[in-house]
2 protein chains.
Amino acid sequence: MQTIAPELAELAALIADPGRAGILSRLMDGRAQTASELARVAGVTPQTASWHLARLVERALLKVERRGPCRLYRLATPLIAQMLEGMMTVAAIDPHPSRPPPWIDAEMRRARTCYDHLAGELGVAVTDAMREHGHLRLDQEAGELTTSGRAFLRDLGIDLRSPTRSRRQLCRPCLDWSERRPHLAGRAGAAVADLAMQRDWIRRRPQGRSVEITEAGLVAFRDLFGARI
Amino acid sequence: MQTIAPELAELAALIADPGRAGILSRLMDGRAQTASELARVAGVTPQTASWHLARLVERALLKVERRGPCRLYRLATPLIAQMLEGMMTVAAIDPHPSRPPPWIDAEMRRARTCYDHLAGELGVAVTDAMREHGHLRLDQEAGELTTSGRAFLRDLGIDLRSPTRSRRQLCRPCLDWSERRPHLAGRAGAAVADLAMQRDWIRRRPQGRSVEITEAGLVAFRDLFGARI
DNA sequence: ACAACGCTTCGATCATGATCGAAATGTTCA
DNA sequence: TGAACATTTCGATCATGATCGAAGCGTTGT
C-alpha cells in the first residue's frame with residue numbers, strides 16, 4: 001500500500017524545528033518579512049535563518065521576493081496558513097492540564113490577526129456579536145452569512161463582491177487557538193479586518209501578530225457590532 | 001512576544017517521523033488498530049512502534065483501549081483527523097513538478113475512506129454529482145446542503161437528525177489530496193459512507209484505507225447519485 | 001498454576017540535521 | 001569603482017532521537 005505518509009513526515013519535519021515554526025508562526029499574519037527580522041524572531045543567527053528559509057522556500061511553504069538588498073518572505077498560499085491554523089489548534093490543546101499551560105502573551109490573546117482576519121478575544125467577540133444579531137451562522141466546521149449579515153456589512157461600506165473571481169469562500173470558521181472557539185474567517189473575515197485597519201480601529205504592533213485596539217476601535221466594536229469587549 | 005511556536009514545533013516533530021506519520025495515516029479511516037498492525041504499517045519492530053505509540057498517546061493524538069491482550073489505538077478526536085487532512089493536502093502538492101510525483105496507489109486513488117467519509121475518485125464523483133443535481137453547494141472552504149439535498153438523502157433512508165446533540169457540522173468540504181478538489185465531509189459525508197457500507201456498495205479492503213466498489217455499488221452510484229464513475 | 005501471546009521497558013548504538021564562525025556573493029548608492 | 005549592507009555558502013561541531021536486541025510485564029486460556 002502506497003500512501004503519502006513519507007511526504008507527510010517530510011512536511012512535518014519542516015515545521016518541527018522551533019526556529020522554522022517561529023518563522024511560519026510569524027508569517028501567519030500574511031505580511032512579508034525580511035530574513036533578518038525572521039532570524040530575530042526565530043532566535044538564531046542570520047546564516048542559520050537563511051538555511052531554514054531556503055528549505056521552506058524549496059518545499060514551497062514560503063515564497064520570496066527581492067526588494068533591493070533585502071529578501072521578503074511570505075507564506076506561499078492561503079492553504080499553508082489554513083494548514084498551520086489547524087496545527088496550532090491542536091498544538092494549543094494541552095494534553096496535560098496539570099502542567100502549567102503554555103503561557104500566551106496577553107496582547108496576543110487580546111487581539112491579533114490570523115493570516116488576514118481578526119483573532120483572539122476581539123475576533124471571537126466580533127464573531128459572537130454578529131452571530132447574536134443574526135448576521136452570521138457559524139460553528140466549528142462551516143459558516144454562512146445571512147441576508148441581514150450581508151446588509152450589515154454593506155452598510156459598513158464593505159463590498160463583498162470585489163474579488164469576484166476569487167474562489168475563496170465568503171464565510172468560514174477558524175478555530176481560535178487561544179480562545180478555543182471559532183471566529184469569523186474567509187473573505188468576510190478579511191473584509192472586516194481590512195475595514196478595522198482602514199478606519200484605525202486597530203493598529204498593527206511593530207512586531208508580532210498582535211494588534212492594538214484604539215479608543216475609536218473600542219467604541220466602534222461595541223456600538224456598531226455590539227461586541228462585548 | 002510569546003507564541004505557540006514551541007508547541008507547534010513539538011506537535012510537528014511528533015508527526016515528522018516516517019513511522020509515526022504512517023501510523024497516523026493508517027488511522028485516518030477512523031478505525032482502531034492493534035499495535036502489531038501499526039508496527040507492520042510503519043515498517044518497524046513492535047518495540048519501536050510501541051515507543052512511537054506511547055509518544056502519540058502521551059501527546060493526546062491517539063487514544064488507546066485494551067481489548068484482551070491487545071491494545072487498540074485510534075485517533076483521539078476528529079480534530080486530529082482534520083489537522084492531518086490539512087497537512088496531507090499540502091504534502092500532496094509536489095513543489096518540484098519535474099521530479100517524479102509521489103506515486104499514489106491506484107486503489108487508494110480510486111476509492112478510499114477519509115476518516116469517516118468517501119474520498120478519492122469515488123468521493124469526488126459522488127460530490128460532483130450531488131452538486132450538479134442541486135443537492136449541494138460546496139467549495140474549498142465551506143458547504144451547504146440544499147432542501148433538495150436533504151430530501152434526496154432522506155429518500156435514501158438517511159436520517160440526518162440522528163446525532164442531534166453532536167456539534168459536528170452537517171456539511172463540510174474536505175480537500176481530496178489525490179484529486180486535489182473538495183469532496184463531501186461532515187455528518188452528511190459520513191452518513192453517505194455509512195449507507196454505502198451498509199448496502200454493500202463498497203467494502204473495506206482488509207488493510208489500508210482503500211475500499212472496493214462492488215458491482216451493486218457501481219450501479220447505485222451511477223443510477224441513484226448520477227455519479228460518473 | 002503455567003504456558004502462550006502481545007506489548008512495553010531498558011540499554012547501547014548510530015544517523016540525521018541544527019548550529020555558528022568565517023568567508024563569499026550580490027545589491028545599492030555615492 | 002568602491003564602500004556599506006543584507007544575505008548566503010561552506011565547514012566543522014555537537015545534540016537529539018530513532019532503532020533494535022534482550023528482558024520484563026500483563027492478560028488469556030488450558
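Residue numbers start from 1 in every chain, and the chains themselves are labelled A, B, ... in the order their sequence lines are given, proteins ahead of strands. Only heavy atoms go into these numbers, but all of them, side chains included; no hydrogens, no water, no symmetry mates. On a predicted model such as this, the values are computed, not experimentally measured, just so you know.
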Over 12 non-hydrogen atoms of neighbours within 6.0 angstrom of CD in B/E65: yes
Short side-chain N/O contact from B/R55 to OP1 or OP2 of D/dG17, under 4.0 Å: no
Side-chain donor or acceptor of B/T89 paired with backbone N/O of B/E85 under 3.5 Å: yes
B/P46 side chain, from C-beta outward: closest of C/dA18, C/dT8, D/dT19: C/dT8
Nearest to side-chain heavy atoms of A/V44, which nucleotide of D/dA18, D/dT8, C/dC20: C/dC20
Between D/dG17 (C1') and B/H52 (NE2): distance, integer Å: 10 Å
Distance in angstrom units between B/L56 CG and C/dT8 P, rounded: 12 Å
Under 3.5 Å donor-acceptor, B/R112 side chain and B/G123 backbone: no
Integer-rounded Å distance: D/dG26 P and B/R71 CZ: 10 Å
5'-most by nearest nucleotide on DNA chain C - A/A13 or B/V64: B/V64
Separation of D/dT16 C1' from B/E10 CD (nearest whole Å): 14 Å
d(CD1, A/I15; P, C/dG17) in whole Å: 16 Å
Whole angstrom value for the distance that separates C1' of D/dT8 from CD of A/E58: 15 Å
Side chain of A/R66 (C-beta onward), nearest among C/dT19, C/dT27, D/dT8: C/dT27
Atom-pair distance (CG on B/L72; C1' on D/dT27), nearest Å: 14 Å
Among D/dT27, C/dT9, D/dT8, the nucleotide that comes nearest once only the side chain of B/S50 is considered: C/dT9
Residue A/T48, side-chain heavy atoms: nucleotide from D/dT19, D/dA18, C/dT19 that is nearest: C/dT19
Side-chain ion pair, B/R59 and B/E10, N-O less than 4.0 Å: no
Residue B/D17, side-chain atoms from C-beta onward, closest of C/dT9, D/dT19, C/dA18: D/dT19
Least distance between heavy atoms, A/M87 atom then B/A12 atom: CE-CB, 4.0 Å
Candidate nucleotides D/dG17, C/dC20, D/dC20, ranked by approach to the side chain of B/T45 - the nearest: D/dC20
Nucleotide C/dC20, atom C1' - distance to CH2 of A/W51 in whole Å: 12 Å
